[in-house]
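Report on the following structure.
Residues: numbered from 1 along the sequence shown. Basis for what follows: all heavy atoms, side chains included, without hydrogens, waters or symmetry-related copies.
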Amino acid sequence: MKIYFPQWQGSGTGTIIEPGAKTILDYLDDEEFVSVPLSELPAGNNREKRYDINNYDAITEQLHRLKETIERANPRTLKTIGGDCGLEIVPVSYLNKRYSNMGVIWFDAHADINKPCDSPSCNFHGMPLRTLLGEGETKMFGLLSSTIKAAQIHYVGLRDIDKTEQTRIDQGNIYAPRLLDVPTLVQTLKSKGIKHLYLHFDFDCLEPNDYAKTYYQVPDGITIMEAETCIAALKKEFTIVGTSVLESITTLQKELQPITPIIDLLMR
């Protein structure tokens, strides 16, 4: 199943994320993508914070809609154009229920593993992995089809980490190398008996000198070529059951061009 879900509310005020997602949708020009409507509840500058989460009501309303859409279709695989990283709690937990011991590859500059009470920003796109671990806001657990274990998480491109996030990474012995080593990543996954993968791809994992049209720009990321090589290796060695492309903000096809090979690898 292919889904277009340009959620931006998880970023707080990042409305630019929605037209950025539309640019990717237009590039792919694929009629198979199902559009899931966003909430019309107040958000952004008019947001209301509940349970230490900005835009809580809008986020939960539209994520329930996303979950219902997926459950009705009962797909074996998911490809999602987003959108902010907070949307991942729905597709990842759905596929994790279907495929036991699914590896989650988190291409991202950020750890996205804060509890709401620990988050400096209170923006939900910094909380999806903690939610997926079953350690986030309990009132959101109804959005989850399953929970994951720390051993399933594997970071690529991680370099901007809050202290509380580093503590959780250390406690869970989560795979989070500073430098990308594809053979080691592959071997680590195989040593855990992992056969199926979900590839989360936030474009801020990339080095800004390669691609800077992202909601955040964090120096010293992986190159576009390194990302392509890693994705290709993972596709060769494992069964990819879910993918996402997230938080690109350009509205110009010309500016999207550097990352179209990544989009093709993950979405086609």
Side-chain angles (χ1 to χ4, degrees), residues 7-14 17 43 47-60 63 82-93 96 102-144 146-180 185 188 192 198 200-206 208 214-222 244 246-247:
Q7 172 175 292
W8 60 269
Q9 293 91 332
S11 70
T13 58
I17 290 173
R47 68 187 181 275
E48 180 178 341
K49 182 170 67 176
R50 298 181 64 192
Y51 315 114
D52 294 310
I53 300 172
N54 293 325
N55 304 322
Y56 174 87
D57 289 335
I59 291 168
T60 52
L63 287 180
D84 70 69
C85 300
L87 67 86
E88 293 285 43
I89 67 170
V90 174
V92 172
S93 66
N96 182 65
M102 180 182 73
V104 179
I105 313 300
W106 207 260
F107 288 85
D108 207 305
H110 305 93
D112 296 349
I113 201 167
N114 262 320
K115 284 184 175 180
C117 62
D118 293 329
S119 171
S121 69
C122 295
N123 292 329
F124 188 66
H125 70 165
M127 310 176 194
L129 283 174
R130 200 59 172 267
T131 307
L132 283 162
L133 286 166
E135 301 168 6
E137 171 52 52
T138 57
K139 290 180 175 60
M140 299 186 80
F141 288 176
L143 291 164
L144 303 177
S146 67
T147 57
I148 65 173
K149 298 177 181 179
Q152 294 175 251
I153 301 169
H154 304 78
Y155 287 109
V156 176
L158 177 64
R159 57 201 186 277
D160 189 355
I161 313 169
D162 295 334
K163 288 183 179 179
T164 51
E165 292 181 305
Q166 188 63 61
T167 297
R168 184 64 184 91
I169 290 169
D170 293 342
Q171 287 176 345
N173 194 28
I174 295 172
Y175 183 88
R178 178 62 190 86
L179 298 176
L180 173 61
L185 173 58
T188 299
K192 297 177 181 179
Y198 186 97
H200 156 99
F201 202 98
D202 181 337
F203 285 101
D204 72 13
C205 73
L206 298 173
T214 51
Y215 190 63
Y216 293 113
Q217 299 85 42
V218 183
D220 302 320
I222 62 174
S244 63
L246 309 170
E247 301 203 18

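Between L206 and I222 the shortest side-chain heavy-atom distance falls below 4.5 Å. Inter-residue side-chain proximity for L185 and P177 is flagged as unmet; no heavy-atom pair is nearer than 4.5 Å. Looking only at side-chain heavy atoms (C-beta outward), R168 and E135 come within less than 4.5 Å of each other. No side-chain heavy atom of E247 sits under 4.5 Å from any side-chain heavy atom of D108.
In this structure, E48 has no salt bridge (Lys or Arg N to Asp or Glu O under 4.0 Å) partners at least two apart in sequence or on a different chain. Taking Y56 as the reference, Y51 meet the ring-ring contact (aromatic ring centres under 6.0 Å, His included) condition, with sequence neighbours excluded.
Judged purely by atom type and a 3.5 angstrom limit, D204 uses its side chain to pair as donor or acceptor with the backbone of A109. Remark: the backbone N or O of G86 is paired with a side-chain donor or acceptor of D84 at under 3.5 angstrom.
S146 and N96 share a donor-acceptor pair across their side chains, judged by distance under 3.5 Å alone.
Atom CH2 of residue W8 and atom OG1 of residue T13 lie 7.5 Å apart, to the nearest 0.5 angstrom.
Few gaps surround NZ on K192; more than 12 heavy atoms of other groups in view lie less than 6.0 Å from it.
Checked against the 6.0 Å centroid criterion, the rings of Y215 and H110 do not qualify as a close aromatic pair.
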